[in-house]
Structure formats: C-alpha cells, structure tokens
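Working notes, beginning with the structure itself.
Reminder, nothing fancy here: chain letters follow the sequence lines and each chain counts from 1. Fair warning: this is a prediction, and the values are worked out from it, not measured in the lab.
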Amino acid sequence: MQRSICDSLRLPSAAVHSEIELIRCPDHPQITNYSRLMKWITSFFVSTILLVASAYSQTLQFWKFTGGDAEDAAIQGFVEQWNKENPSKQVQARFFSFKDYVAGPVLTTAFASGTGPDVFWISPGLFLQYAKPGITAELTDLFTPDVRADFAPAAIDAVTVEGRIHAVPIEQEPVALFYNKDLLAKANLQVPKTWEELLSACEKLKAANIIPIVIETNPGVYQNFTWYPFLWQTGANVLSDDFKKATFDSPGAAKALDLWRTLIQKGYAPRTGAPDTTAAINSTAFSSGQAAMQVIGVWAVTEMTKNYPNVNFGIAPLPTPDGSNPVTVYGGWTQMVNAKSKNIEAAKEFTSWMWIKGTERPVEWTTKAKSNFSPRKSVIAAAGSAYDEEHLKVFRDEILPTARSEPRFPTEVVKIVGDALQSAMFRNTAGEKAAAAAQKQLEAYVKKTN
Amino acid sequence: LKLVRQYVRRESITGYLFLLPDLLGLSIFVIIPIAGAFWISLHNWDALSPMVWTGLQNYIELFDDPLFWDSLRITATYTVCYVPLLYAVSLGLALLVNQRLPFLRLFRTVFFVPVVLSLVVSSLMWKYILDERAGLLNYLLGFVGIPPQSWLGSVELALPSIILVSIWIQMGYFMVIFIAGLQDIPREYYEAAQIDGANRRQMFWSITLPLLRPTSLFVVVISLINAFQVFDQVWVMTQGGPASATQVTAIYIYQQAFQYLNLGYGSAAAFILFLVIIAFSLVQFRLLRPQTE
C-alpha cells in the first residue's frame, strides 16, 4: 500500500524530483516520518473529540434564550447552585439570541441532527411540535396531587397532551394597556375603556402631536399573541377548542382585524413599532415618553420602573368593544426534557428542583429577575409584598384573573392568522375580506391535519 | 512509448491528488448538502419525527402555492431593479475613481468600506437610518419639508429601500472589479481614438464598454446570483414584512424550513430556486460570451 502511493507520487523529472524531497521514494525515510506524523495527528484529533464528547455527555445541556442581564444572571445562579449541590449531575446553561431561539433554527437543527439539549425552554407556539412521545420526556410523575393542587389548572392544561404532561410551566405573563399618565392628562383624556373611546383618544392625541399607541408591527408569534385578546373580546376565535374546526370567518374576527387596521392606517400607531420587537419596551416610543399607550405584558413593569423612572405610567385592562367582559391573554415559557437525553432522570430532577420544589427560586425568578406571576399559588403567596407595587397590584388583582393562556396553535396557524393581520394593517384589506381569506386556508389546514 | 504513457499516467494521478483537497472540501460542504437537500425535498419532515416519503408531492404543492409564486415575483422585482442599478452605480464609481484626481485613494477606500462591514452590521445601521421616528434620513428630509416616511413600514417603500441599501453595500466590491477591468484596457486605444477626434462619450461607448465585456459578464452573473439569494439584508431590516411585501424566496424558504418546520417543503422550494439560478446563469454566459472566440 505504502509502496504504491510512493510510486504514484514519484515524479518523472529528476529536477522536480529533487525539489519535492518530502515525497521522494526509493529510500523513503521521509515517507515513513510523514505517515508517522499523520498517525500522530489523527490519534490526537480522535482522542480530543472523544474527550470533548465524553465531557459533553456527562454534563446536562440546558438551553434557553438570553433575556437580558438580570434574567440570565438569575438562571446562571440557579445552575451554579445546582452544580454545587450535585457534583455528579453537572448542568451547563447556554443562552441564544431571542429571535433565533423563538422562531429560528436553534432548536430545530439541534434536534434534527440528534444533538438537542437535555433541558430546554419552549414557547406555546412550538409546544405541540415538541410535545410528542420520543421527542420530549413525559413529566407527569413530577406532578403529584399536592403539586397539581398548587398549580393553576389552566397552566397545567396548557402543557398537557392526551393526559400526558410534557413541560413544567414557569411563569404567567398577562398583557394589558400601559398608559402614560402625563400625556393623557396633557390631552385631557381618560383611560379608554371601549374601542370607540380608544379610537377617539388616539385621534385627539395625534392632533396634539403625541404618538397615540404602540402595537406590535412585525409579523410573528408575538404580534398574534398581543392581538388575540382583541379577537377574544368579540367572542370570536381562530379554531374551535378541539382544533378541529376553523372559526375565523366571524364578524368578531373581522371587527378585531379592523381595529388594528385602523390603528395603523389612520397613523395612530407607528408602522414600525420597534426595530426588533415591541416586547422589549426599552426600544419603543412608550419608554422614551413619546407614546401615550402601549399594548404589552407584565414583564415590562420592571424595565419601566427601574430604567425609566421619569415616565409616569399606569396599567389598565385592554379596552373592549363595549367596555364590559374584559379578557386578555397570558404567555409564558415552559421547560421541557429531551426524551433522548442520556440522563433523563437527572434532567427531570433538575427541572423539578428549579420550578416545582420549594418557592425560593420561582420567587426570585418571578419577582426579581422578571416581573411576572408564578403559576403556583404557594409562590405568589410567598412573594407576598412583592406584588403590592402599584403596577403589579393591578396586574395581580384585575388583569391576571381575566387572562387566558396563550393558545398553542401550530406554526402554520400562526402564519395564517398573522398574514390576515398584516394584510389588514399594511395593505388596508377590510377585516371581513382578510378573515375570509384566512378562513379558507385554516379549513384546508384543519382538513390536512385531521 | 510505454514509459511515456506511464509517466503521463503518473502525472495525471499527481494532478488529481493535488486537486483532492479542493474536491473533498467541495463535496463535503457543497455537493453532499445539495444532494441531501434534494433527498429531504422528497419527504415530509419536521426535523423531529422520522421522515415520510412523499415523492414529488412537495413540488406539486409548490406550484399551487400562491405565497411561493409571490415570493418569486418579489425576488424577480428585486433582481430586475438591483442588477442594472448596481451595474450602473459600480461602473460609474469605477470610472470616477479611475481618473487622476486628488484624494483618489481615499475615495476608493471610502467606497469599499461597506464591503468590509458585515452584512448584518450595515443592514442594522440602515435600519436605524431609515427608522420612521428616530431615523437620520427622515430627520434630514425634514429640513427640505418632506414629511417623515415609514421607509421599512410601508408596503410600497420597503422593497425599494432594501434594494438601495443592497446596492450601497455591494457597489464597492464591483467597483474594484471594474477598476481592474478598466486598467486592463490598453491606453493606446484611447490615444488612437483621440487622434481620430472621438469625444469622451464616444470613447466610452466604443472602447470602454465593449472591452469591459468579460468584466461585465462576471459582474452581472455574480450580482444576479446575489440578487436571487438575497436574505440577510431583508431578514435584518424587515423579516419579509410588512404584509409580506419583502418576502423574497430565500426568506420564504427559511420560514418554511425553520419557522414552520416543513423542512421537506422548504428544501423543495430551495431546489427550485437553485434551478432558476443555474438556468439564468447559463443564459447569461451564452449571451455575454466574448464574440472573438
């Protein structure tokens, strides 16, 4: 073998021959050196890869998106505490960009190539895709009767498929109307309670050269999420409760589409609410004190009180068509365990330790790292005075009780609804027409999946 | 004779061995993934569950998919505006900086800076410049009395804005290519033309442009391929919005594959785009082939 390679490498011309000393053949000491070197390099690489691989397989991989310094530090703190207490079950946390994690290739490619993390966070929009046996581990046994009684029933329902619990709910983040008290007072306005009041307030604010309201303008899960309350307030919905029938061609859906259409087309809301997402309130006109209102969730309270003390803001339920029957949505992340994890038990134990056992970590997470609500009654009770803050109090007492969990629509449905909303807002398509077009696609989707 | 043949054979083996690293690299990073994408495109696959064989079903569905056709239409619009404009702008810059003027090196460098910047960085920068409320452009337009425009937030303006930004990003690169082409043109031709009394415009149309043919071929083919594959700028600036007005095919493919987890469907769309690009490139090679061959 070596002989033949050496033959084929030998060049005809003696002049060239002498130049390529390394592969000179007849008395091939160099060749032997060369192949020895190659062997050494190969074995070095193989052993490195094996070492790295074994280190990885022993350490549990825990993935989530980066949520800002306070949030990441809290998670990192939990992981370090766990690692100290469990030297044999080390966990390594990795943080990804929000956009890539929520609607990007991070989890997809990792799972497709069989290198998915042991423990990871999932949003309601992707929940159903991952909540399948063989993909994520069933966590039902973590929910003993006591635990079940502690969790809000709606939160448990949101992570259950055919009686199996596939994730641990971490938080509840309801959406409401943030309003700038000073700007409303300047325009001599009350907080709008009905859609009509909202639109007339917008008109007056616009005339006073104030940005009336910020709503999400980028298409995607978050835009739909903040629009669902308006849809539900009319009594309409996207699909029937069992996801077996499309119900989008209702007058209510048309009306809700028209509301957001008017907000954009009349210039009440900026056409680009934020460079990335209005979910980060620090990038919107509301936090800079230029906008009078914003539709956003409870997580923004901490950011506002900490970093924008000069903006005098209040919280109110979202306006409804006639001022009654308030309803809103709450979102929130859940934690899953990879069914193909090499150490499912440790991954489950870690997950349970983080969010189910004791109250200190959930309290820290929901009151210090973020401002939102634990789905556990005991945690809210343990947090005590943390929710007595002016804004959080409104959320706890008025808004959370009216909040429904974010629907776990599959991505196709999110896209269809999002297209209808975008078309109404930016192409000025009548709500009725946009809803009818979406209904057709939804029907096709339902037919395909049932 | 036998000896000669042996030498020739040995030499060709040597040649292939020298090619081997490149071939290996190409097949691992280009050919195998393309074949893999084609294989995936014949399946239904959500990346999580096992693949389900569907044959050409994905391709048949694509032909009935109005959103896919929309994306092709938007990509075509982008290409039709972008390629000629980029050609004109970069050739114009090359002609400008190819003269003997003070500070030429400085200008060349300045025009080339956008190429050195990462695509994402320059897209982000433009996103802020074009911002409706706080953007520099609207601020400047305010001085001449033009009301603020939502450059990236309106269905009509979003695509043109992205086209202009793309040209700004890439003009420097093609300018350099054109400069190289210009400097290859023998000076004697211009001198001869001058003696014959040709003016500058005549010289441009009769000497510069025809002799730039090979350079033009390169520029047009590469910028056309760029245009068909445009993704980064769009993704950073509009994510395909508002109301899908900037949803070019690459964005559509990305969304199908990674947001809706239809990897088979996305791969099929990618494959069609691949065929379209190849077809256009071949046609151009044919059209712009030097006549003196």
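- Between chain B and the residues A:Met425, A:Glu412, A:Lys415, the largest count of heavy-atom pairs under 4.5 Å involves A:Lys415.
- A distance below 6.0 Å separates the ring centres of A:Phe111 and A:Tyr130.
- Contact annotation for B:Gln247: only side-chain heavy atoms (C-beta onward) come within less than 4.5 Å of a heavy atom of chain A.
- For B:Phe63 and B:Phe68, the ring centers sit 6.0 Å or farther from each other.
- Between B:Trp53 and B:Trp39, the ring centre distance stays below 6.0 Å.
- Using a 4.5 Å cut-off between heavy atoms, B:Gln255 touches chain A through its side chain atoms alone.
- Contacts between A:Ala285 and chain B at a heavy-atom distance below 4.5 Å involve backbone atoms as well as side-chain atoms.
- The aromatic rings of A:Trp121 and A:Phe65 sit perpendicular to each other, their planes meeting at more than 60°, with 30° as the lower class boundary.
- Of the two parts of B:Leu124, neither the backbone nor the side chain holds a non-hydrogen atom closer than 4.5 Å to a non-hydrogen atom of chain A.
- The closest side-chain donor-acceptor pair between B:Ser166 and B:Tyr78 falls under 3.5 angstrom.
- No hydrogens or angles considered: a donor-acceptor pair under 3.5 Å links the side chains of A:Thr278 and A:Glu216.
- Note on B:Met237, B:Glu156, B:Glu132: by heavy-atom pairs under 4.5 Å with chain A, the leading option is B:Glu132.
- Neither the backbone nor the side chain of A:Thr429 comes within contact range of chain B, judged by heavy atoms closer than 4.5 Å.
- Donor-acceptor pairing under 3.5 Å is recorded for the side chains of B:Tyr252 and B:Gln256.
- Neither the backbone nor the side chain of B:Trp151 has a heavy atom closer than 4.5 Å to any heavy atom of chain A.
- Heavy-atom distances place the side chain of A:Ile211, and not its backbone, under 4.5 Å from chain B.
- Residue A:Thr272 touches chain B through both its backbone and its side chain, counting heavy-atom pairs closer than 4.5 Å.
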